[in-house]
Undergrad: 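Before anything else, here's the structure in question.
Small disclaimer: the values here were computed from a predicted structure and weren't measured. So you know, we letter chains A, B, ... as the sequences are listed, proteins then strands, and number each from 1.
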Amino acid sequence: MPGWLKFAFGKSVRLAALLAAVSIITFVLISFSPVDPVRAYIGADMMTVGAEQRLDIAVYWGLDQPPLERFLKWVSSMIQGDFGSSMIYREPVAGVIAERFWYSLSLMAAAWLLSGLIGFAAGSAAAMNRGGWLDRVIQWVCYTIASTPSFWIGMLLLMVFAVWLGWLPAGLGVPAGVAAEQVTIADRIRHMVLPAAALSIAGISAVALHTRQKLIDILDSDFVLYARAKGERGWQLYRNHGLRNIALPAMTLQLASFSELFGGAVLAEQVFTYPGLGHATVEAGLRGDVPLLMGLVLFSTLFVFTGNTAADVLYRLVDPRIRGHENDSRNV
Amino acid sequence: MTRVMFDSVARLQTRSAVYPIDYKRRSLLILLTAAALLMMLIMAGWLTNPDALSVQLDQRNLPPSFQHLFGTDWLGRDMFVRVMKGLLLSIQTGLAGAVCSAMIAAVLGIASALFGRQADRIITWLTDLFLSVPHLVALILVAFVCGGGMKGIVIGIALTHWPALARLIRAEAMQLMAAQYVQVSRRLGRSLFWIARRHMLPHLLPQLTVGLILLFPHAILHEAAVTFIGLGLPPHQPAIGIILSESMRYLSSGMWWLAVLPGAALLAAVRAFDVIGSHTKRLLDSQQYERL
Amino acid sequence: MSLLQVENLSISFARYAGWLRREIIMPVRQLDLALQAGEITALVGASGSGKSLLAHAILGILPANASLGGSILYKGEKLTAARQAKLRGKDIMLVPQSVTYLDPLMRSGAQVCLAARGGDPRKLQRAAFRRYRLDNEVEQMYPHQLSGGMARRIMAASAFVSGACMIIADEPTPGMQAEDAAETMKWFRELADQGHAVLLITHDLEAAVAGADRIAVMNAGMTVEWLPASHFSDKGERLQHPYSRALWNSLPANGFYVPQSDWRAVSSREGPGCPFASCCELAAAICREEQPGMREGERGWVRCHAS
């Protein structure tokens, strides 16, 4: 079997096992929950709704059946692509997630790129000046950011740029009171700047510190010692050997950080009331929208898995050591 | 033939040593400072007079002053007292979660090494499984399942934060398991539990301690985040997350102190924990060459 | 005048011995050496005697926590950090010992090009590849694809294209088959014949005697003796220092004579007197009280009271 096919097969099996395990755990957790979904659904109208109506609602959601049956039914319809209906949005879960994913995707992509680039540059600069003042400043800033609640960064940005300076809108994904077809791309971008900035600041420190450490390991290696003996130094040394050897690990780390990215997006979207997946997750949790919450748990798992798999694929494509190994094994 | 020529060794030493005093002493100093700061924050939370939390309508919306260090809120409550009490609550919740999490990590990490290949595979898979759902999503799920409150957060943090530490402990325990004296103990018929207690735990304790301290910051930040979202501690408890989420409503009114100062206090506490953890790690790292 | 003169060089490091206790270790304490253009000089000593550190000290690439004492003169002038930075790779070139010194993610041709000075890198690299019998395909290979022999040729080629007048080879022959080692030594002989100064750092006394013009013997961070390679002959009668003699006589060809005492046990000893006083068969009262200075003998020098 060719290497890549084996790889793809292995990954698919892993993904299937992962999603199965996550659905089972989620379902078990929720079925033990003291929260009554019917009560959560009705909310403040509880007093006005009679017992009969409540039973009707329970039957409508299939809540009157035993948990195992409910689980099997849920799984079988999920395999057919039906994730159930969201209670709060009164729409199919798949549709809610798809629509909001586009909002979140642009937000997360922008923050991902920005934090990756800034973090990489900062980490490189710190390592190349190891022990110097620049290194200490960069490290200090990174450790401080890592200790800062990311939603608080969002609040500070909101206060400065939206309230105080008034440069950018304070929230939502599109201007309020404007018809959907009149919203321009520029509007959407203006609404995305602050949440994306908050999200990328939160992401910088991990990349920067990791890049710094990797580059320091590289700079301590035999081959950099030899390169220095050959007279290479400074920017030239960095370009010839540093960049070459840390670009891949940094990319991998950044791809493996999808989990933190998603978590950060939840908070950033909450602060800026940005209508993305994170906001939906919070709403689903707060208002007991079980189908949507389960859909989001599975979707975020898939999202994180995609990042990790992309990192693996990247390694196999780019690193000549692994690439060469693949070729060798094929020749045998 | 040979002229003996001494270079001033002292001069060369100052050139090559970037830190003027050796860094372990420096670490110890920083560690103690951070610990003192943290103690002050905790003491402030304990000792401040809860009477200041009563509603005083004639003292509403005051900016920071000597009388009210962090200003007052829209009900005239002293923000400094609220923040210190809130911080104490957040730290307690975070600590409880982190301790549970570290215990899970220790048990699973040691079990991985102790019970052979099959157990190790299962635990490794479990570790990957828990890493595959974003922390915050998992926390929201657990908080929802527990119906909010302190219990939900502590369980949520305990369940989500162990995998990274478990991996570290596992690697270390694997090495210990292969060590000669452990192998000898096994041949002598010692039980696995005896080996875990006598050979593993004492050696893993420093790592575990550092790992636990370094878990605090994450745990506290996640507690604040979940509470901020509204799924954590109930609104009548003055947790930092609650204070910050309430201040969201006053952001546009120019009352900056409601958001800036509580957040900064939280940052200081979390950073103190982080400093304590990383410098303890440095100090425990014996036999290390003096390098940067 | 010597091209390079190392005088009373010491290299020390500070490290932690426990929680807060620091200690200074000094792997190199008294190193003297002189290098002539057109000659191969071998620095011979057991592994761990601090030989490789000399190469790094000459090039100025010691780790940041190292402290230096003594002096290094290059062309009669003191080798300062600024001068070292200028000379590295241009006047002085290192030939490292193993494939780990090559960038794992860079094609070998490009690595040789990076070392080239004074001319079109590509042309120099091609010429060096021909000289060291490397196929053109090797240019495109990554280090993990190279055989040990190819890697050594690549590093020799790098030294060749640099045009440096002084070459430092760090353990170039150990673990090699006899003919490979002979070929490697042939490269260095060619370079020396062209007027380069070659410093060979090795623990292989046999190879050093066969290939070098002069030999400096090192033990416990000190050079104990510096003499022409031809003096290593017969039963070592022309060797002055007891350690050199013990080293020479312990070679398989010379009857495996194992010295009574362990010469390496002294490496951490401090205080007055000769550091080898406790293990030397010839030690007299003066050896315990006074550190021996350098005494000139026929065409070399030795650091010993007894000789």
Undergrad: Just wondering, do L129(B) and L18(A) contact through their side chains at under 4.5 Å, heavy atoms?
TA: yes
Undergrad: Holding to ring-ring contact (aromatic ring centres under 6.0 Å, His included), I want the full list of residues that pass it with W152(A), two or more places apart in sequence or in another chain.
TA: none
Undergrad: Looking at R271(B), H222(B), M248(B), which makes the most heavy-atom pairs under 4.5 Å with chain A?
TA: R271(B)
Undergrad: State, to 0.1 Å, how close P134(B) and G263(A) come at their nearest heavy-atom pair, and which atoms those are.
TA: CB-N, 4.5 Å
Undergrad: Name the region of F305(A), side chain, backbone, both or neither, that has any atom closer than 4.5 Å to a heavy atom of chain B.
TA: neither
Undergrad: Looking at R14(A) and D128(B), what are the two nearest heavy atoms and their distance?
TA: NH1-OD2, 4.3 Å
Undergrad: Pick from Y143(A), F262(A), F151(A): which one has the most heavy-atom pairs with chain B under 4.5 Å?
TA: F151(A)
Undergrad: Please report the closest heavy-atom contact between H135(B) and S259(A), naming both atoms and the distance.
TA: N-OG, 4.0 Å
Undergrad: Looking at every non-hydrogen atom in both residues, tell me the closest pair between V260(B) and M159(A) and how far apart they are.
TA: CG2-CE, 3.6 Å
Undergrad: Crowded around K85(B) NZ? As in, over 12 foreign heavy atoms under 6.0 Å?
TA: yes
Undergrad: Does H218(B) NE2 have over 12 foreign heavy atoms under 6.0 Å away?
TA: no
Undergrad: If you count heavy-atom pairs under 4.5 Å between each of A268(B), A225(B), A224(B) and chain A, which one has the most?
TA: A225(B)
Undergrad: For each of T281(A), L267(A), L156(A), tally heavy-atom pairs with chain B at distances under 4.5 Å, and name the one with the top tally.
TA: L267(A)
Undergrad: Do V297(A) and I140(B) have side chains that approach each other closer than 4.5 Å (heavy atoms only, starting at C-beta)?
TA: no
Undergrad: Less than 4.5 Å to any heavy atom of chain A: does that hold for the side chain of L131(B), its backbone, both, or neither?
TA: backbone
Undergrad: Checking A146(A) against chain B: side chain, backbone, both or neither under 4.5 Å from a heavy atom?
TA: backbone
Undergrad: Non-hydrogen atoms of chain B under 4.5 Å away: do they reach the side chain of I25(A), the backbone, both or neither?
TA: side chain
Undergrad: Measure distances from L286(A) to the heavy atoms of chain B and classify the residue's part below 4.5 Å as side chain, backbone, both or neither.
TA: both
Undergrad: Quick check on L29(A) against chain B: is it the side chain, the backbone, both or neither that has a heavy atom closer than 4.5 Å?
TA: both
Undergrad: L231(B) versus chain A, heavy atoms under 4.5 Å apart: side chain, backbone, both or neither?
TA: both
Undergrad: To the closest 0.5 Å, what do you measure between OG (S147(A)) and CG (L266(B))?
TA: 9.5 Å
Undergrad: Given the options F130(B), F273(B), W125(B), which has more heavy-atom pairs under 4.5 Å with chain A than any of the others?
TA: W125(B)
Undergrad: Tell me, for A264(B) versus chain A, whether the close heavy atoms (under 4.5 Å) come from the side chain, the backbone, both or neither.
TA: both
Undergrad: Select, from T26(A), I153(A), L261(A), the one with the greatest count of heavy-atom pairs under 4.5 Å involving chain B.
TA: T26(A)
